[in-house]
Amino acid sequence: MQMQDDRCSGSSPALAEWIQEKLESIVQKNKTTAVCAAVCEPEGLLAAACAGTRGFEDSQAQVDDLYNVGSVSKIYVTAAIMKLVQQGKVSLAEPVLRYLPDWRLADPRYPEITVRMLLNHSSGIPGTNLHDHLTLEEGEELFTGKYRNTPSYWQTVKLRARPGSFSGYCNDGFDLAAEVVEAVTGEPYIRWFREQITGPAGLFSVGVGRRLAEGYVKVACRDAEPEYYNCFGAGAIHTTVPECAMFGALFIDSRGIVEQAWLDETRRPQGTTFLQDAYDAGNYCLGWDSPYNRNRIPLGEGAVVKSGGTEQFTSYLVVSPARRLSLAISATNDSAVPWLEVLEDIGGEALKLLGKERKEDSGTGDGGEETTYESTFKGPGEEVVPHTPESGNCKRETPKTLESGNMEMETPKVPEPANTGKSTLLNVPGRYCGLAYGSTSIYRFSVLEGTPHTEATLYTEILQKGGSWQKKEELSGFQWDGKGFAKGEHDRITAEEYEGKVYYIRWGMAFCQKNSGYPSPGTLWPRLAGVCFTAKREDAAFGRICLEGINEENVLLFTTDHEEYPVVPLICDPWKDNETCLISETSRDGIVFRLEQEGDQIRLRMGTDTYVPSFSAG
């Protein structure tokens with residue numbers, strides 16, 4: 001039922017008005033440009049409301065405006081793959097090469113990558129090619145491979161881990177999944193998806209690009225132009241927020257559009273990890289970030305959550321089969337509002353309303369028994385999945401190890417306590433001290449000895465541009481408890497050793513890594529220390545890349561204009577000393593730089609982008 005106010009809609013006016021008032025209060029307090037939220041049951045839209053303005057103009061935001069849902073797009077391509085699995089046209093266990101026979105990577109392990117590994121983030125593909133910010137130039141057909149996944153890009157990619165060994169968030173894998181859809185169907189992914197899934201579901205706002213936005217108003221951040229992306233499988237979907245919630249409801253009752261058993265399979269945790277404490281990697285479902293385990297609202301077993309972020313928007317989709325609710329929210333990225341918590345508050349209000357209404361409908365009144373909800377999702381080992389050869393778990397492979405070597409670590413000078421008694425430092429494993437590398441930071445860990453009344457304490461520093469070290473307060477002050485370093489009841493840092501490498505883990509995520517040794521940088525890179533390179537094209541991922549220097553561990557230190565201090569350590573192959581590679585097998589992003597000679601001139605290449613020497617980094 002469409003209400004008269006274009007800021008609200010749905011069959012429950014009371015809930016829609018409650019949501020609208022809540023969102024209005026948030027927008028006014030935080031200066032958010034626009035936000036929209038929706039609550040859906042399989043039977044239809046329960047409530048939707050929005051607040052704010054459309055950004056590019058001062059007109060009032062409405063519930064049928066378009067938002068970019070970012071990585072929630074991964075759930076859309078997952079549904080497309082499952083539709084093709086149902087039809088027998090795709091097998092999750094088959095290598096991607098079966099469907100894309102001309103696909104090539106600069107890594108001999110890529111033939112091991114299966115379709116399932118694309119969807120549970122365990123393919124080993126580094127993450128994203130950093131061209132997400134580019135505006136789509138539409139041709140006659142909206143094919144995914146038009147820009148991002150061209151052969152010239154993929155043939156420069158090296159894997160960060162053996163396929164199937166570790167799940168780490170990967171945008172490029174989902175763009176590749178969209179290309180699988182195109183290869184199998186012979187149609188552009190988004191056209192086929194609209195014909196086969198969103199069209200039959202009555203979701204006509206779902207699309208990508210300017211052409212498929214015609215007839216709608218697209219929200220933007222204040223004084224900004226509406227954004228469009230070309231990473232169709234990974235993050236380019238635009239839709240109204242009510243239709244995003246309605247799409248989520250298909251995972252509760254698919255209405256025959258996709259066989260329900262296959263959509264249920266997407267909600268089963270099936271990520272993989274070789275680290276005991278890195279439980280986040282094992283929580284990945286197919287497309288979904290994880291089961292909903294925050295417990296802020298009682299969504300029951302089988303509930304799942306997916307987040308999405310673009311330059312202008314933050315979005316969330318939460319689906320609860322046990323409560324038969326789908327919740328969606330999208331807001332402009334111009335305020336620091338915890339939007340998932342806002343969506344949880346909305347879901348909690350919906351559950352209260354539904355509980356009251358269902359008791360009244362049953363005639364029990366407020367004094368009757370509370371409605372109970374039965375979960376349709378079974379626990380680990382009991383999941384009901386389609387009986388097909390490809391429905392098993394991913395095979396877990398261990399990554400190859402690097403050759404061991406000695407590594408001298410410089411530790412920060414930390415003042416000794418005034419009264420030093422019996423030290424607990426001897427009980428702390430030595431692996432906690434030294435240098436470790438993440439995708440965008442270098443960490444230096446040190447341990448201060450304890451006293452008779454205190455335990456040993458972990459301190460962390462971050463390397464800054466220019467070579468200085470700065471204490472990282474968020475990662476310092478953790479005290480040894482015999483198993484790791486803890487701060488408070490739940491915050492803990494552990495350093496887990498596996499196959500000659502040490503992985504630092506916090507909140508279930510491995511955020512940095514150190515190896516037993518690093519190979520020599522050869523003769524080319526040291527000659528370029530202090531040199532900056534400028535992009536030849538305006539649409540390159542970076543405008544400038546500088547090789548700041550080479551540290552005591554033979555690690556190359558780069559800065560760019562994209563991140564504060566991204567780090568790309570060293571050489572993938574001792575026989576190819578013109579290349580660098582990603583160090584971490586667990587972190588999301590990865591960049592490979594390579595040097596090429598053109599006459600007397602050296603060029604730096606990253607993917608399909610070319611950079612020429614410009615000036616000194618100093």
Query raised in the report: Quick one: does E265's side chain get under 4.5 Å of R116's, heavy atoms only?
Result: yes

Query raised in the report: Can you name the nearest heavy-atom pair linking L23 to V342, along with the distance?
Result: CD2-CG1, 4.2 Å

Query raised in the report: Is it true that a side-chain atom of S11 and a backbone atom of L45 form a donor plus acceptor pair closer than 3.5 Å?
Result: yes

Requested in this report: Could you grab the distance from atom CG of L100 to atom CD of E179, nearest 0.5 Å is fine?
Outcome: 6.0 Å

Query raised in the report: Can a salt bridge be assigned to the pair K22 and E349 using a cut-off of 4.0 Å between side-chain N and carboxylate O?
Result: no

Query raised in the report: Within a strict 4.5 Å, meaning less than it, do heavy atoms of the C231 and N171 side chains meet?
Result: no

Report summary line: Here the pair of heavy atoms bringing Q312 nearest to A224 is NE2-CB, 4.0 Å

Query raised in the report: At what distance, to the nearest 0.5 angstrom, does CG of L250 lie from CG of L203?
Result: 6.5 Å

Query raised in the report: In terms of ring plane angle, is the pair F251 and F247 parallel, tilted or perpendicular, where the classes change at 30° and 60°?
Result: perpendicular

Requested in this report: Given side-chain hydrogen bond (donor to acceptor under 3.5 Å, both in side chains), test Y292 with E344 step by step and report yes or no.
Outcome: CA-CA 11 Å; Y292 176 81; E344 289 168 327; 2.7 Å; yes

**Report entry** Pair F313-Y67, ring pair (Phe, Tyr, Trp, His ring centres under 6.0 Å): steps then yes or no
**Finding:** CA-CA 8 Å; F313 295 98; Y67 290 73; 5.6 Å; yes

Query raised in the report: Sub-3.5 Å donor-acceptor pair from the side chain of S73 to the main-chain atoms of G70, do we have one?
Result: yes

Query raised in the report: In Å and rounded to the nearest 0.5 Å, what is the NE2 to OG1 distance from H238 to T310?
Result: 13.0 Å

Query raised in the report: Would L317 and W288 satisfy side-chain contact (heavy atoms from CB on, under 4.5 Å), going step by step from the backbone distance to the final call?
Result: CA-CA 9 Å; L317 176 64; W288 300 97; 3.9 Å; yes

Query raised in the report: What's the verdict on side-chain hydrogen bond (donor to acceptor under 3.5 Å, both in side chains) for T185 and E187, showing C-alpha distance, side-chain angles and the deciding distance?
Result: CA-CA 5 Å; T185 64; E187 293 186 52; 5.4 Å; no

**Report entry** No-hydrogen, no-angle side-chain donor-acceptor test under 3.5 Å, N333 and T314
**Finding:** yes

Query raised in the report: Got a sec: does the CD of E341 have more than 12 other heavy atoms crowding it under 6.0 Å?
Result: yes

Report summary line: Closest heavy-atom pair, S330 versus V241, reported as atoms and distance to 0.1 Å, is CB-CG2, 3.8 Å

Query raised in the report: Going by heavy atoms in the side chains, are L325 and E41 under 4.5 Å from each other?
Result: yes

Requested in this report: Would you confirm whether S167, through its side chain, and N120, through its main-chain N or O, come within 3.5 Å as a donor-acceptor pair?
Outcome: yes

Query raised in the report: Are any side-chain N or O atoms of S326 and backbone N or O atoms of A245, one a donor and one an acceptor, separated by less than 3.5 Å?
Result: yes

Query raised in the report: Heavy atoms, side chains only, cut-off 4.5 Å: are M509 and Y169 in contact?
Result: no

Query raised in the report: Is D64 close to D6 at the side-chain level, that is, under 4.5 Å between some pair of heavy atoms?
Result: no

**Report entry** Validation row: C40, P242 side chains within 4.5 angstrom (heavy atoms)
**Finding:** no

Report summary line: What one should report as the nearest heavy-atom pair of N68 and K218 is OD1-NZ, 2.6 Å

Requested in this report: Could you point out which residue of F143, W192, Y99 forms a side-chain contact (heavy atoms from CB on, under 4.5 Å) with E182?
Outcome: F143

Query raised in the report: Under a 4.5 Å cut-off applied to non-hydrogen side-chain atoms, are T198 and T239 in contact?
Result: no

Query raised in the report: How far does CZ of F204 sit from CD of E243, to the nearest 0.5 angstrom?
Result: 8.0 Å

Query raised in the report: Rounded to the nearest 0.5 Å, how far apart are CZ of R98 and OG1 of T114?
Result: 12.5 Å

Requested in this report: Answer yes or no: is there a side-chain heavy-atom contact under 4.5 Å between L286 and I81?
Outcome: no

Requested in this report: Begin from the C-alpha positions of L142 and R211 and carry the test side-chain contact (heavy atoms from CB on, under 4.5 Å) through to its verdict.
Outcome: CA-CA 10 Å; L142 295 170; R211 198 155 20 96; 3.7 Å; yes

Requested in this report: Under the side-chain contact (heavy atoms from CB on, under 4.5 Å) rule, what do L353 and S12 come out as? Steps first, then yes or no, please.
Outcome: CA-CA 9 Å; L353 178 70; S12 174; 3.1 Å; yes

Report task. Please check if the side chain of Q62 supplies one atom and the backbone of R54 the other of a donor-acceptor pair under 3.5 Å. Result -> no

Query raised in the report: Would a distance-only check, ignoring hydrogens and angles, find a side-chain to backbone donor-acceptor pair under 3.5 Å from S205 to T240?
Result: yes

Query raised in the report: Hey, does the side chain of R194 reach the backbone of V206 with a donor-acceptor pair shorter than 3.5 angstrom?
Result: yes

Query raised in the report: Would you say K306's side chain and D289's backbone share a donor-acceptor pair under 3.5 angstrom?
Result: no

Query raised in the report: What do the steps show when you test T32 against N30 for side-chain hydrogen bond (donor to acceptor under 3.5 Å, both in side chains), and what is the final call?
Result: CA-CA 5 Å; T32 307; N30 296 275; 5.2 Å; no

Query raised in the report: Taking 4.0 angstrom as the limit, do D334 and K31 come out as a salt bridge?
Result: no

Query raised in the report: Quick one: CE on M117 to CG on L92, what's the gap to the nearest 0.5 Å?
Result: 11.5 Å

Query raised in the report: What orientation do W103 and W154 show, parallel under 30°, tilted 30 to 60°, or perpendicular over 60°?
Result: perpendicular

Requested in this report: Would you check if the side chain of T78 reaches a backbone N or O of K74 as a donor-acceptor pair within less than 3.5 Å?
Outcome: yes

Report task. Examine distances only and state if a side-chain atom of T33 and a backbone atom of G55 form a donor-acceptor pair shorter than 3.5 Å. Result -> no

**Report entry** Worked verdict on H121 versus C170 for side-chain contact (heavy atoms from CB on, under 4.5 Å)
**Finding:** CA-CA 6 Å; H121 297 280; C170 177; 4.1 Å; yes

Report summary line: Heavy-atom closest pair (C285 atom, T266 atom, distance to 0.1 Å) is CB-O, 3.0 Å

Requested in this report: For V69 and C244, work out which heavy atoms get closest and say how close.
Outcome: CG1-SG, 4.3 Å

**Report entry** CD (Q276) with more than 12 external heavy atoms under 6.0 Å
**Finding:** no

